[in-house]
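Every chain is numbered from 1, with letters handed out A, B, ... down the list of sequences.
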Number of protein chains: 2
Amino acid sequence: MTERADAARNRAAVLAAAEALFQREDLDHVSLARIAQAAGVGKATIMRRFGDLLGLVDALIAPRVTALQSRVRSGKPPLGPGGDAVARLHAYLDALLDFVLENRTLIRALEHYGPHAYYANPASRFWIDELADRIHAARPTVDAGYLAHAVFTALRADVIDYLRWHQHMDTERIRAGVHALANPPDLGPNLHR
Amino acid sequence: MTERADAARNRAAVLAAAEALFQREDLDHVSLARIAQAAGVGKATIMRRFGDLLGLVDALIAPRVTALQSRVRSGKPPLGPGGDAVARLHAYLDALLDFVLENRTLIRALEHYGPHAYYANPASRFWIDELADRIHAARPTVDAGYLAHAVFTALRADVIDYLRWHQHMDTERIRAGVHALANPPDLGPNLHR
DNA sequence: GCATAAGTGGACCAGCGGACCGTATCGTAC
DNA sequence: GTACGATACGGTCCGCTGGTCCACTTATGC
């Protein structure tokens, strides 16, 4: 059964309105009613189509997630399969950070509407598992399972936003920090307990 | 002017009821009305005394924060002043992690009621600055400012809870991971890009 | 015992996410 | 072109939230 024409039109209007609102407004000034109003649609239309606000946000990022996933799964190295393990790790971190920087508002909305939905998300599970694999390949001796979660947490959109706007760190400093977190490039003397 | 006797009694009742509720109930089932009811007090009483729910949670953790702060500022080494820089860093991490484990519910409430209040908190600023100092002393070559924030983020109560309950990591694994994050003990070959 | 300042709590508010269901529109079969 | 069943629609209602208001009670100092 194909989607009815008015339904498709409304779905598009809702997605567009939601995206615009999330970009423009502060996160907690965006509400179901405001999205509905901006899309010229009733609240119930949004609810039925997307289940809840979390579903709406999911629908917004889903295509971008799949795009990045396919680059990771079958793109060209070092982000895609093949190549040096260390290079693969760093390429992956760059891709994740860029993804967060480009989609900060949506990711923050995702974190906002589902407290642990962030980690529990199928997408996040993919990112974390992949991260753990690449950490393990590059640094076989560390606890890749824990480190993957820690690094992924450091990539949360609210954390990045906080570092940028409240701590005035520029993105390249953050990028360097994330890389160093996953794979410390320098260790001086006297660093072990 | 001294606090009126009934006011003091109510303050204590509210604090006790709030603490009990935060411990027992899931965070988003705790509401102003329920705390008030449990304390046998009107909502307005809570509001006027603590400003808002964030203030209430603040009042609950404040004494524990000051207790730990004084141990850090003037306790015995290595947590207090003096001693080896690396030992000081690790002692501090242990103290922070223990603090989070002991006060998880309150810290989660704090994070919940003020999205960035968590970091913006004067207390958090103290923890982070101190962490940056100790990281810098132990590892002068790293970006201690960034790393302090990253490690502190890894110590967020919601993150710890997630790792424990959803990822089934025991606390000692998390502890080891946090230490390694702040000061990686081992680096094999081929780890630099 | 009384004046008065301090403290109180239930009614009230605007806002939220979400559910309901009578109605309007669409796609289709004729 | 028309009639009809399925689908999608949105205004209205619900329970709940954090927070405010203000007529009332109570503890305290004299």
Side-chain angles (χ1 to χ4, degrees), chain A residues 1-19 21-22 25-60 106 108-118, chain B residues 1-19 21-22 24-60 105-106 108-118:
Chain A
M1 197 51 187
T2 175
E3 188 180 35
R4 241 171 68 168
D6 54 346
R9 204 181 328 122
N10 280 335
R11 137 175 280 133
V14 168
L15 288 174
E19 166 125 42
L21 271 182
F22 282 127
E25 307 274 332
D26 202 52
L27 187 48
D28 45 58
H29 294 121
V30 177
S31 69
L32 179 57
R34 298 208 33 191
I35 298 174
Q37 190 192 7
V41 141
K43 291 192 296 173
T45 301
I46 297 181
M47 296 303 300
R48 189 158 20 76
R49 198 151 293 280
F50 300 101
D52 56 12
L53 283 184
L54 191 58
L56 170 57
V57 178
D58 244 344
L60 274 171
L106 291 183
R108 291 201 62 168
L110 190 70
E111 295 164 356
H112 181 81
Y113 290 125
H116 278 159
Y118 176 55
Chain B
M1 196 50 186
T2 173
E3 188 181 36
R4 242 170 67 166
D6 54 346
R9 204 181 329 120
N10 279 336
R11 140 176 276 134
V14 168
L15 288 174
E19 166 126 41
L21 271 183
F22 282 127
R24 183 158 19 94
E25 307 275 333
D26 202 52
L27 187 47
D28 45 58
H29 294 119
V30 176
S31 69
L32 179 57
R34 299 209 29 192
I35 298 173
Q37 190 192 7
V41 141
K43 292 193 295 173
T45 301
I46 298 181
M47 295 306 298
R48 192 153 41 75
R49 198 150 295 279
F50 300 102
D52 56 11
L53 281 184
L54 192 58
L56 170 57
V57 178
D58 244 344
L60 274 171
T105 56
L106 290 183
R108 292 202 61 169
L110 190 69
E111 296 164 356
H112 180 80
Y113 291 124
H116 278 162
Y118 176 54

Test of understanding: with side chain to side chain contact (heavy atoms under 4.5 Å, CB included), list the residues that count as partners of A/Gln37, not counting sequence neighbours.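 Listed in chain order: nothing, the list is empty.
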
If I take atom [atom1] in residue [X] and atom [atom2] in nucleotide [N], what distance separates them, rounded to the nearest angstrom?
{"X": "B/Phe50", "N": "D/dG18", "atom1": "CZ", "atom2": "P", "answer": "15 Å"}
{"X": "A/Arg11", "N": "D/dA8", "atom1": "CZ", "atom2": "C1'", "answer": "12 Å"}
{"X": "B/Arg4", "N": "D/dG29", "atom1": "CZ", "atom2": "C1'", "answer": "13 Å"}
{"X": "A/Ile35", "N": "D/dG10", "atom1": "CD1", "atom2": "P", "answer": "15 Å"}
{"X": "A/Leu56", "N": "C/dC16", "atom1": "CG", "atom2": "P", "answer": "15 Å"}
{"X": "A/Asp6", "N": "D/dA6", "atom1": "CG", "atom2": "C1'", "answer": "12 Å"}
{"X": "B/Arg34", "N": "D/dC16", "atom1": "CZ", "atom2": "P", "answer": "11 Å"}
{"X": "B/Asp26", "N": "D/dC16", "atom1": "CG", "atom2": "P", "answer": "16 Å"}

Would you mind building the protein contact string for nucleotides 17-23 of chain C? One character per nucleotide, 5' to 3', B for base within reach (heavy atoms under 4.0 Å), S for sugar-phosphate only, - for untouched. BB-B---

Would you say C/dT8 has OP1 or OP2 under 4.0 Å from some side-chain N or O of B/Asn10?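 For C/dT8, OP1 or OP2 has a side-chain N or O of B/Asn10 closer than 4.0 Å.
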
C/dG9 OP1/OP2 closer than 4.0 Å to side-chain N/O of B/Thr45: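 For B/Thr45, the contact criterion (side-chain N or O under 4.0 Å from OP1 or OP2 of C/dG9) is met.
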
Pairwise side-chain contact, [X] with [Y], heavy-atom cut-off 4.5 Å (strictly under):
{"X": "A/Ile46", "Y": "A/Asn10", "answer": "no"}
{"X": "B/Phe50", "Y": "B/Leu15", "answer": "yes"}
{"X": "B/Leu53", "Y": "B/Val30", "answer": "no"}
{"X": "B/Val57", "Y": "B/Phe22", "answer": "yes"}
{"X": "A/Leu21", "Y": "A/Arg34", "answer": "yes"}

Nearest-neighbour nucleotide for the A/Ala5 side chain, C/dG9, D/dA27, C/dC26 considered: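 Closest nucleotide among those given: C/dC26.
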
Output the single nucleotide from C/dC26, D/dG10, C/dG9 whose closest atom is nearest the side chain of B/Val41.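 Selected nucleotide (nearest to the side chain): C/dG9.
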
CD-CD1 distance between B/Glu19 and B/Ile35, expressed to the nearest 0.5 angstrom: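 Reported value, rounded in 0.5 Å steps: 11.5 Å.
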
